[in-house]
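Worksheet: the structure to be examined is printed underneath.
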Amino acid sequence: MNDRLNGNGHANGHFVVEDRQNLTFQVNRQVFVSRDVLEDEQRTIFDKCWIYVGHASELKNPGDFRTRHIAGRPVIFCRDRQGQVRALINSCRHRGALVCREREGNARQFQCIYHGWTYNTDGSIKGIPGDDAYPPGFDKAGKGLVPVPRLESYKDFYFASFDRDAVDLHTYLAGARDYIDLVVDQSPSGRMEIISGVQEYDIKANWKLLVENSVDDYHLVTTHSTWLNYMRNSGVNVTPAKGHLLPTKGFGKDLGNGHLTTDNPNYRGRPVAKWISVYGEEAKADIDAIRKELVARLGEARAARVADTNRNLCIFPNLVINDGSSVTVRNFTPVAPDLMHVTAWALGPVEETEAQRARRLHAFLTFYGPGGFATPDDIAALELAQQGFAAWREVPWSDLSRGMGSSQEQLATDEGHLRVFWRKWSELMEMRRESAARS
Amino acid sequence: MNQPLDPDSIVTRQAVEDFLYREADLLDNWKLDDWLALLTDDASYYVPPNDKPDADHRFTLFTVADDIVRLRERIIRLKDPNCHAEYPPSHTRRMISNVRITGVDGDIVNVSANFAIFRHRRGEGARQFVGRYRYKLKRTEAGLKIAERRAILDAEELGAMGSVSFLL
């Protein structure tokens, strides 16, 4: 492969090089360090794809709002006084200031602190101080907050696209819908909610490393041995299955459009609904009851599908929903080639009792989050990788060929599902390259 | 209130300060088993989320919410070279100030204090963790013990602090 490289260190200028005959799949490490690549990603991926904004449960009442950054833009995610969910660009139409500064709250209106322009919660202009000084023909009514070009939802998960011509969200999500359904089916009413308390932290690494890491089961044994010890000490069987690196034989799946998931028989317990010793004896009967409800509502097969598998779902490009020892909704945004902001929430069925909710949150923190037993070590691994990329000129390629050529379905410990992400990433980036070449 | 105080039961701020400084010294020197010995058998340790500093861990996602079982496991992890986030262990330095006894409830002494923790790792700038502690210290025959320990960060988000992989 190396002899085909040009002077820039990439094969004929391609960042992702797949050779199906020789069974190699390589990613050029410039994609993790280059400002030009990040700029191209902003324009061709984050400005074109559907980007997660928030969950309907975060806006329970008319006037509720949350301020977010979506694809680099400040956005007010809100429910207007008439009850409709909106995503408005948080920038005054007059001279640009944010019109909403709080993290969350309930508003009757949004008022710019600079010159006092006010906006209704549906974005329409409400008042302009001294508007008689504007010239004739001044289009006051047209001065409302600008909505994001597209806002659509699937089962209460709201996404925005800054591309007016994007395919509809339903089509975009493709096979990922089935895996969102498996999450939502945990609630008797089909209603899940974001639980209060957000985890916001930086990782000094390229954002794509967290896509890989979120679905990569190959690293579990080495990166997370201390978590495995904790499970073992708590009486959970984490002995690898025969011939495998994990306690169970799981798979990595291509869901279309760059979305991917792991799909593993559960061994680490689930609040809905698989008891493990960490939960304590007193939780057994309660978890049995949750399981019974699930079977009665969904049937034995579907209930087993929901309750006996763990799935780490990645919705291209930057949303991860981990449905396992709890449900994590995790979103991440590049700030620089070597820096990302991560935002993570816990999700649970609205019907949960206090005891069930407490158990879910306890289980979440066992593994996940900046104070968990595993996530800090993931962060360490990604930051070490980023540091290694400083030598991208001498060591230009990362290898993602694990599992290639296998006649079996790709395992979660293979890299077939990581290749799904990279193929989509490459397809979009190459389109930009070609259109740049044409112009 | 009207009854005379039992002199044996009075805990002074100086005694609390001495206790907190000794605790800080153990943590900064990674003497984690000695630190565990400062805890009651049902102690808990909390780091609330930055956006909900006063919340209850049963209803809100925290950064850390350990009961004694998980806290003991956390110490096992922190002592393991495979705890990659803390290997080699971070250099930490804790400044503790504004120590106050805010109330006494039976054998529990409620204490508040401010902290500034500087954390250094090779190849990284200093990371600063600033906030307030809320302790429930229990008076026992063996002296003060920690029944509950809550480290509440001032920052609006963890952000550049990254992970909270050591004990705040």
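Computed from heavy atoms alone, side chains included, the values below leave out hydrogens, waters and symmetry copies. Chain letters run A, B, ... following the sequence lines, proteins first and then strands; every chain starts at 1.
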Problem - Contacting moiety of A/Gln387, where chain B heavy atoms sit under 4.5 Å - result: neither
Fill in the blank from the handout: Ranking B/Pro48, B/Ser165, B/Ala160 by heavy-atom pairs under 4.5 Å to chain A gives rank one to B/Ala160
Exercise for the section: Below 4.5 Å from any heavy atom of chain B, which atoms of A/Ala358 appear? Answer side chain, backbone, both or neither. Expected result: both
Practice task
Name the region of B/Ala55, side chain, backbone, both or neither, that has any atom closer than 4.5 Å to a heavy atom of chain A.
Solution key: neither
Exercise for the section: With a 4.5 Å cut-off on heavy-atom pairs, point out which of A/Glu354, A/Arg359, A/Arg357 contacts chain B the most. Expected result: A/Glu354
Exercise for the section: State the OH-CD1 distance between A/Tyr230 and B/Ile76, to the nearest 0.5 angstrom. Expected result: 10.0 Å
Handout entry: Beyond-backbone contact of B/Arg77 with A/Trp227, side-chain heavy atoms, under 4.5 angstrom
Key = no
Completion exercise
B/Gly162 and A/Tyr201 have their tightest heavy-atom pair at O-CB, 3.7 Å
Completion exercise
d(B/Glu73 CD, A/Arg232 CZ) to nearest 0.5 Å is 11.5 Å
Problem - Distance, nearest 0.5 Å, that separates CG of A/Asn229 from SG of B/Cys83 - result: 11.0 Å
Handout entry: Cationic N near anionic O, under 4.0 Å, B/Arg127 to A/Asp202
Key = no
Handout entry: Segment of B/Asp56 engaging chain A (4.5 angstrom heavy-atom cut-off)
Key = neither
Practice task
Return yes when atom NE2 of B/His91 has more than 12 non-hydrogen atoms of other residues, nucleotides or ligands closer than 6.0 Å, and no otherwise.
Solution key: no
Exercise for the section: Considering only heavy atoms and a distance below 4.5 Å, find which of A/Ile379, A/Ile195, A/Asn233 pairs most often with chain B. Expected result: A/Asn233
Handout entry: Engaged part of B/Val47 at the chain A interface, taking heavy atoms whose separation is under 4.5 Å
Key = neither
Handout entry: 4.5 Å side-chain heavy-atom contact, A/Glu200 and B/Asn50
Key = no
Practice task
Side chain from CB out, backbone as N, CA, C, O: work out which of these in A/Thr222 comes under 4.5 Å of a heavy atom of chain B, or both, or neither.
Solution key: backbone
Practice task
Find the distance between CG (B/Leu61) and CG (A/Leu347) and round it off to the nearest 0.5 Å.
Solution key: 11.5 Å
Exercise for the section: Sort A/Phe364 into side chain, backbone, both or neither according to what part of it lies under 4.5 angstrom from a heavy atom of chain B. Expected result: side chain
Exercise for the section: Calculate, to the nearest 0.5 Å, the distance between atoms OG1 and CG belonging to B/Thr60 and A/Leu361 respectively. Expected result: 7.5 Å
Problem - Backbone N/O of B/Phe62 and side chain of A/Gln199: donor-acceptor pair under 3.5 Å - result: yes
Practice task
Name the member of B/Asp67, B/Thr63, B/Val64, B/Asp66 that forms the most heavy-atom pairs with chain A at distances under 4.5 Å.
Solution key: B/Thr63
Practice task
Please answer whether the main-chain N or O of B/His84 pairs with a side-chain N or O of A/Asp377 as donor and acceptor at a distance below 3.5 Å.
Solution key: yes
Exercise for the section: Take B/Glu157 and A/Val198 through the test side-chain contact (heavy atoms from CB on, under 4.5 Å) and record every step on the way to the result. Expected result: CA-CA 9 Å; B/Glu157 61 272 309; A/Val198 63; over 6 Å; no
Problem - Part of A/Glu383 lying under 4.5 Å from any heavy atom of chain B - result: side chain
Handout entry: Closest heavy-atom pair and its distance - B/Ser163, A/Pro376
Key = OG-CB, 3.8 Å
Handout entry: Choice from B/Glu156, B/Glu124, B/His57, B/Glu86 maximising heavy atom contacts with chain A below 4.5 Å
Key = B/Glu156
Exercise for the section: Take atom OH of A/Tyr218 as the centre, draw a 6.0 Å sphere, and report whether it contains more than 12 heavy atoms from other residues, nucleotides or ligands. Expected result: no
